[in-house]
Amino acid sequence: MEYPFEKIEKKWQKIWNDKKIFNAKDNTDKKNYYVLSMFPYPSGALHMGHVSNYSIADAISRYKMMQGYNVMQPMGYDSFGMPAENFAIQHNSHPRITTDNNIAIMRKQFDMMGFGIDWEREVSTCHSDYYRWGQWFFKKMYEKGLAYKKTSFQNWCDDCQTVLANEQVEDGKCWRCSSVVRQKELEQWFFKITDYAEELLDFSGVIDWPERVKTMQTNWIGKSFGTEIWFKLENSKELIKVFTTRPDTIFGCTFMALPPEHPLVTNWLKEESENSKMHQFCDKVMNEDTITRTSEDTTKEGIFTGRFAINPVNGEKVQIWITNYVLMDYGTGAVMAVPAHDQRDFEFAKKYDIPMKIVIQNMEENLVLEEMQKAYTEPGFLVNSGKFDGMESENSMKSISEWMAKNSMGKETVTYRLRDWGVSRQRYWGNPIPIIYCEDCGTVLVPDEDLPIKLPENVELGKTTQNPLLSVDDWVNVKCPNCGKPARRETDTMDTFVDSSWYYARYADPKNDKMPFSKEFADNWLPVDQYIGGIEHAVMHLMYARFFHKFMRDLGMVNSNEPFARLLTQGMVTKDGAKMSKSKGNVVDPQYIIDRYGADTVRVFMLFASPPDKDSEWSDEGVKGAFRFLNRVWRLFDENLDLIKENNETTSRSKAETTEGNSHEFTRKENLAAKEREGTQSKNTVTLSPESSLGKGSGSDLSAEIKKLRYSTHFTIKKVLNDIEERMHFNTAIAAVMEHLNNVYSIKNVDKLNDTEKAIFVESCVAIPHLMYVFAPHLSEELWKMIGKENLLHEAGLPEFNEKYLVQDEITYVIQIMGKVRGKINVSVDATDDEIKKLALEVENVKKLLEGKEIKKMIIVPKKLVSIVAK
RNA sequence: GCGAAAGUGGCGGAGUUGGUAGACGCGCUGGCCUUAGAAGCCAGUGAGAGAAAUCUCGUAGGGGUUCGAGUCCCCUCUUUCGCACCA
């Protein structure tokens with residue numbers, strides 16, 4: 001018979017909602033704890049990744065509630081974005097309609113899962129009461145000089161018809177639709193995240209983040225120390241700045257490499273005829289897609305400009321080449337090429353027969369130019385380098401940079417790989433950028449009183465490949481806020497990552513219509529205590545949010561340096577070893593599983609499958625296993641209900657007394673006090689002679705079996721609390737409860753137990769729903785009620801264990817001979833080392849194996865083993 | 001190429017400081033119950049040998065440290081992830 005999960009789950013979801021137990025309070029004596037799951041994009045029904053994410057978050061939330069915290073677990077929707085717009089185009093609908101539909105479906109499923117979410121704080125980024133503050137933040141960025149517009153080559157996705165930030169290009173392809181990204185010259189809005197590059201490298205403000213994520217962000221920001229060197233253009237005053245991390249090789253520079261996008265090249269091209277070789281080469285390179293352009297395998301090509309630069313350190317003329325292997329947007333966008341000591345320059349110089357010069361000599365093996373097959377990039381000592389000859393290359397860098405700085409040839413500098421965040425998107429379904437262009441006044445910010453700029457709803461989508469906003473005339477054409485003359489709105493919308501960069505703070509004060517949020521409430525809740533989400537956000541969302549948080553701090557809106565104190569990156573749910581996806585046809589629909597086995601089963605399975613940060617493989621059989629386990633728990637209580645109720649009455653009555661007149665407003669202190677009283681009482685009733693029962697075999701009226709059960713109860717409580725608190729390993733915590741349940745079931749003759757033993761048996765049963773609350777809250781709550789408990793489980797406090805019952809009177813020692821297990825002995829706890837040794841040597845098998853051998857050494861590891869070394 | 005993490009039965013995974021490898025679950029095998037099935041219950045389940053006691057082998061492969069290594073050190077291989085013409 002299956003347990004009636006459907007009835008139970010509906011019942012408790014209603015009770016929890018009616019009692020509003022998940023509504024976080026803004027003012028309370030309790031300590032706050034903020035648990036946040038990744039902002040979901042409302043794609044429709046929940047998928048397994050969501051279910052996994054929220055099951056983890058809910059387990060943590062409920063654990064913290066039991067611990068007495070005032071917990072906030074909010075939820076909302078990251079509801080702007082291209083997929084919604086594309087979906088609406090395909091279905092000849094409007095994204096507002098499809099998005100709201102999807103949200104309704106998701107909301108229903110959230111409720112069916114029984115997640116403890118504070119729905120009074122729900123937000124949705126496509127609602128103007130949220131996105132107006134995104135516009136407000138844009139204005140602040142602009143006012144602080146952190147939002148600016150520039151023309152440059154941008155990552156362009158033809159399929160999405162929009163620009164992508166560097167973080168959104170994966171392997172040269174669009175992160176959303178995987179089509180190949182190409183470069184397109186456009187005027188775009190940027191946020192100056194590079195101003196915060198240095199601070200973003202500093203993770204000292206977080207409490208617990210995975211190293212992996214920190215490393216990924218650090219690599220992404222890519223700080224490198226080097227030298228900027230200033231070359232003069234021959235017969236001109238113009239300077240060409242280059243960046244190098246190897247100033248020690250400057251004397252070996254024989255040519256200079258520029259990308260076709262370099263401003264100097266652009267000027268030179270103007271002097272050339274349209275069909276000149278230089279034009280042809282530049283056009284060819286610039287039209288290549290990002291993958292080919294930036295791949296290491298691409299053949300290095302270039303064209304000589306006929307121009308020369310002057311190496312400032314020795315006055316030598318170096319050829320200037322336009323090449324396909326230099327990136328415009330790293331360093332200064334120009335490279336000094338040292339073919340003898342850089343592999344790329346080496347290949348290029350060989351191909352085009354450009355001179356080389358050795359300036360670093362190998363200590364062991366003298367380098368000869370004619371014999372070199374590849375560049376020498378190892379350390380060595382300097383040659384052909386004027387007054388620096390003979391210095392060790394690594395030591396020379398500092399001296400050379402300083403000398404150049406003194407003589408105005410360059411300066412020490414730091415370069416970051418991180419580039420400014422391009423936030424313009426040429427799409428409709430996003431947050432309008434609050435800018436108006438006036439012919440007279442130029443770029444004008446939309447005044448605060450005109451915010452929010454609402455997205456026009458009457459648009460025709462999918463008619464052209466252009467941004468649909470361009471065709472909404474009465475929206476685009478406005479009066480200049482400054483001079484009142486006709487002007488035009490900016491039609492770019494903001495990247496949706498802007499919306500999700502501050503949503504966690506909005507939850508602290510979601511209904512504020514004067515500010516994005518008040519400082520008081522933000523400081524109440526921030527930083528987020530525990531954030532749970534996928535690793536895929538490591539360098540996008542998680543870095544943008546850190547940037548935004550620091551910006552908000554600088555505006556005085558928050559007083560913390562980091563948005564998320566602890567981060568748990570949950571693993572993917574895979575099926576047949578691969579990520580679930582529609583195209584692979586391996587998607588498992590959570591709804592079906594909930595209908596068939598219930599929400600508790602889904603949660604228990606998700607948490608039991610593997611540690612939360614690892615990928616977990618979906619298994620239909622595994623789900624049945626989780627279901628079987630919950631049924632076994634149910635049956636245990638069903639079969640022993642009278643016994644448990646009867647033995648539980650005293651404790652629940654005493655608990656009721658202690659909390660009289662205050663039955664729903666539990667506080668941590670009262671809770672603990674009640675717990676303690678209950679504890680002492682049960683200590684008296686449970687063991688009539690607890691102390692003597694620990695002694696060797698006598699005076700106790702408890703069977704060994706029951707003592708083992710009591711040990712199991714207390715051990716399991718200790719283990720579960722530890723696994724959750726210290727490691728968040730829910731899988732082993734659940735395994736421990738399963739094991740305990742097996743132990744409880746091993747007591748066969750419950751009727752024949754004496755009263756004390758019955759009390760111990762009942763204690764062992766009651767611990768199960770108490771511990772299972774965080775994993776299977778519905779069933780646990782039902783059992784708790786069934787046995788006569790009057791409070792709800794989150795009010796019950798964490799279960800407590802008594803160390804006294806973890807002390808065993810006998811300990812099993814393993815006997816090893818030369819490291820191999822040869823026997824076991826049971827020894828009383830207070831046996832001396834000599835007694836243990838003696839017992840160990842009496843074991844038959846040990847005697848046999850030691851025959852004719854000399855014992856060299858005996859090692860005793862307390863409470864574990866005896867190791868015998870013999871020859 | 002650089003950086004990081006990982007590699008344990010048929011499968012998912014246990015194995016906090018070196019101390020009984022394989023907890024727990026799935027699957028499988030046999031049995032009970034049942035008209036039958038489902039569900040449930042009991043027993044077994046790393047490989048090999050043996051009637052059994054027990055023994056040998058076993059944590060990607062090879063070496064080392066140690067009374068004792070999945071765990072520590074060195075080398076090799078494989079997988080996953082991130083970065084990748086970054087000067």
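Proteins get letters first, then strands, A, B, ... in listed order; numbering begins at 1 in each.
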Problem - A:Lys398 atom NZ, neighbour heavy-atom count above 12 within 6.0 Å - result: no

Classify A:Glu621 by what it touches in the nucleic acid, base, sugar-phosphate, or nothing, heavy-atom distance under 4.0 Å. sugar-phosphate

Of the listed B:A87, B:G19, B:G12, the closest approach to the A:Leu865 side chain comes from B:G19

Note to self: Categorize A:Thr812 for me: base, sugar-phosphate, or nothing, with a 4.0 angstrom heavy-atom threshold over every strand shown.
What the structure shows: nothing

Checklist entry - Does A:Arg628 have a side-chain nitrogen or oxygen under 4.0 Å from the phosphate oxygens OP1 or OP2 of B:G25? => result no

Report task. Using the C1' atom as the reference point in each nucleotide, state the distance between B:C11 and B:U20 in Å, no decimals. Result -> 25 Å

_By the 4.0 Å heavy-atom rule, please label A:Asp615 as base, sugar-phosphate, or nothing._
sugar-phosphate

Discussion item. With a 4.0 Å limit, can you tell me whether A:Lys300 has a side-chain N or O closer than that to the phosphate oxygens OP1/OP2 of B:C85?
Written reply: no

Scanning both residues in full, the closest heavy-atom pair of A:Phe608 with A:Asn731 reads O-CB, 3.3 Å

Assign each of A:Ile817 and A:Thr332 the nucleotide of RNA chain B bearing its closest heavy atom; nearer the 5' end lies the nucleotide of A:Ile817

Next on the checklist: Within the 4.0 Å heavy-atom criterion, would you say A:Gly331 contacts the bases, only the backbone, or no part of the nucleic acid?
Outcome noted: nothing

What's the gap between B:G27 and B:U79 when it is taken at their P atoms, as a whole Å value?
32 Å

| field | Any A:Tyr330 side-chain nitrogen or oxygen under 4.0 Å from OP1 or OP2 of B:A87 | value | yes

Indicate, with a heavy-atom threshold strictly under 4.0 Å, whether A:Val338 touches base, sugar-phosphate, or nothing.
-> nothing

**Lys NZ or Arg CZ of A:Arg603 over A:Phe730 ring: under 6.0 Å, within 45°** = no

How about A:Glu170: does its CD atom have over 12 heavy atoms from other parts shown lying under 6.0 Å from it? yes

task: Describe the nucleic acid contact of A:Asn742 in one word from base, sugar-phosphate, nothing, applying a heavy-atom distance below 4.0 Å.
output: sugar-phosphate

Taking B:A23, B:A87, B:G3 as options, the one with an atom nearest any side-chain atom of A:Thr215 is B:G3

Base, sugar-phosphate, or nothing for A:Asn731, non-hydrogen atoms under 4.0 angstrom? sugar-phosphate

Of the candidates B:C83, B:C24, B:G68, the side chain of A:Gln816 sits closest to B:G68

So, OP1 or OP2 of B:A39: does either fall under 4.0 Å of a side-chain N or O from A:Arg635? no

Please give the distance between the C1' atoms of B:G31 and B:U8 as a whole number of Å. 32 Å

Between CZ of A:Phe5 and P of B:A39 the distance, given in whole Å, is 15 Å

Taking 4.0 angstrom as the limit, do A:Glu705 and A:Lys748 come out as a salt bridge?
no

Next item on the list: Write down the distance separating the C1' atoms in B:G15 and B:G46, rounded off to the nearest Å.
Entry: 16 Å

Each nucleotide of nucleotides 51-60 of chain B classed B (base within 4.0 Å of a protein heavy atom), S (only sugar-phosphate) or -, in 5' to 3' order, makes ---SSSS---

Between B:G82 and B:G10, how far is it from one P atom to the other, in whole Å? 30 Å

Counting any heavy atom closer than 4.0 Å, what does A:Ser867 reach on the DNA or RNA strands: base, sugar-phosphate only, or nothing? base

Legend entry - Atom NZ of A:Lys214 with >12 non-hydrogen neighbours under 6.0 angstrom: yes

Against the side chain of A:Arg417, the closest entry in B:A23, B:C85, B:C86 is B:C86

Tested for side-chain contact (heavy atoms from CB on, under 4.5 Å) against A:Leu630, the lone hit among A:Arg635, A:Met772, A:Glu2 is A:Met772

Winner on side-chain proximity to A:Glu617, out of B:G12, B:C67, B:G19, is B:G12

Syn within 90° of 0, anti beyond: B:G9 is syn

ask   = Is it true that A:Glu347 and A:Arg344 have a side-chain N and a carboxylate O under 4.0 angstrom from each other?
value = no

message = Side-chain N or O of A:Arg632 versus OP1/OP2 of B:A39: is the shortest distance under 4.0 Å?
response = no

note: A:Glu211, atom CD; B:A5, atom P; distance rounded to Å ~ 9 Å

Side-chain atoms of A:Phe608 come closest, of B:C67, B:A87, B:G25, to B:G25

(message) Just N and O in the side chain of A:Arg212: are any of them under 4.0 Å from OP1 or OP2 of B:G3?
(response) no

### Query
Taking N and O atoms by type only, does the side chain of A:Lys864 place a donor or acceptor under 3.5 Å from a partner on the base of B:U20?
no

### Message
Is there a side-chain contact between A:Asn219 and the phosphate of B:C86, meaning an N or O under 4.0 Å from OP1 or OP2?
### Response
no

A:Lys223 atom NZ is separated from B:A87 atom P, nearest whole Å, by 14 Å

Separation of B:C85 atom P from A:His341 atom NE2, nearest Å, is 23 Å

Here the distance between atom P of B:G15 and atom CD of A:Glu739, to the nearest Å, is 12 Å

- Does NZ belonging to A:Lys708 count more than 12 external heavy atoms closer than 6.0 Å? no

Answer yes or no: is there a side-chain heavy-atom contact under 4.5 Å between A:Asp613 and A:Pro210? no

Checklist line | Salt-bridge criterion met for A:Glu621 and A:Lys624 (N-O under 4.0 Å) | finding: yes

Atom CZ of A:Phe775 and atom C1' of B:C24 are separated, to the nearest Å, by 13 Å

Counting only Watson-Crick and G-U wobble pairs with both atom distances below 3.5 Å, the stems of 3 or more consecutive pairs that include RNA chain B are B:1-7 with B:77-83, B:10-12 with B:24-26, B:27-32 with B:40-45, B:46-49 with B:54-57, B:60-64 with B:72-76

Next on the checklist: With a 4.0 Å limit, can you tell me whether A:Asn722 has a side-chain N or O closer than that to the phosphate oxygens OP1/OP2 of B:U16?
Outcome noted: no

- Message: Check the phosphate of B:C42 against A:Lys748, side-chain N and O only, distance under 4.0 Å to OP1 or OP2. Yes or no?
- Response: yes

The answer to which of A:Lys624 and A:Trp220 contacts RNA chain B further toward the 5' end, by nearest nucleotide, is A:Lys624

Please tell me if A:Arg419 has a side-chain N or O lying less than 4.0 Å from either OP1 or OP2 of B:C86. no

Does the ring centre of A:Trp321 sit less than 6.0 Å away from the ring centre of A:Phe348? yes

Sidechain N-carboxylate O distance under 4.0 Å for A:Glu316, A:Lys357:
yes

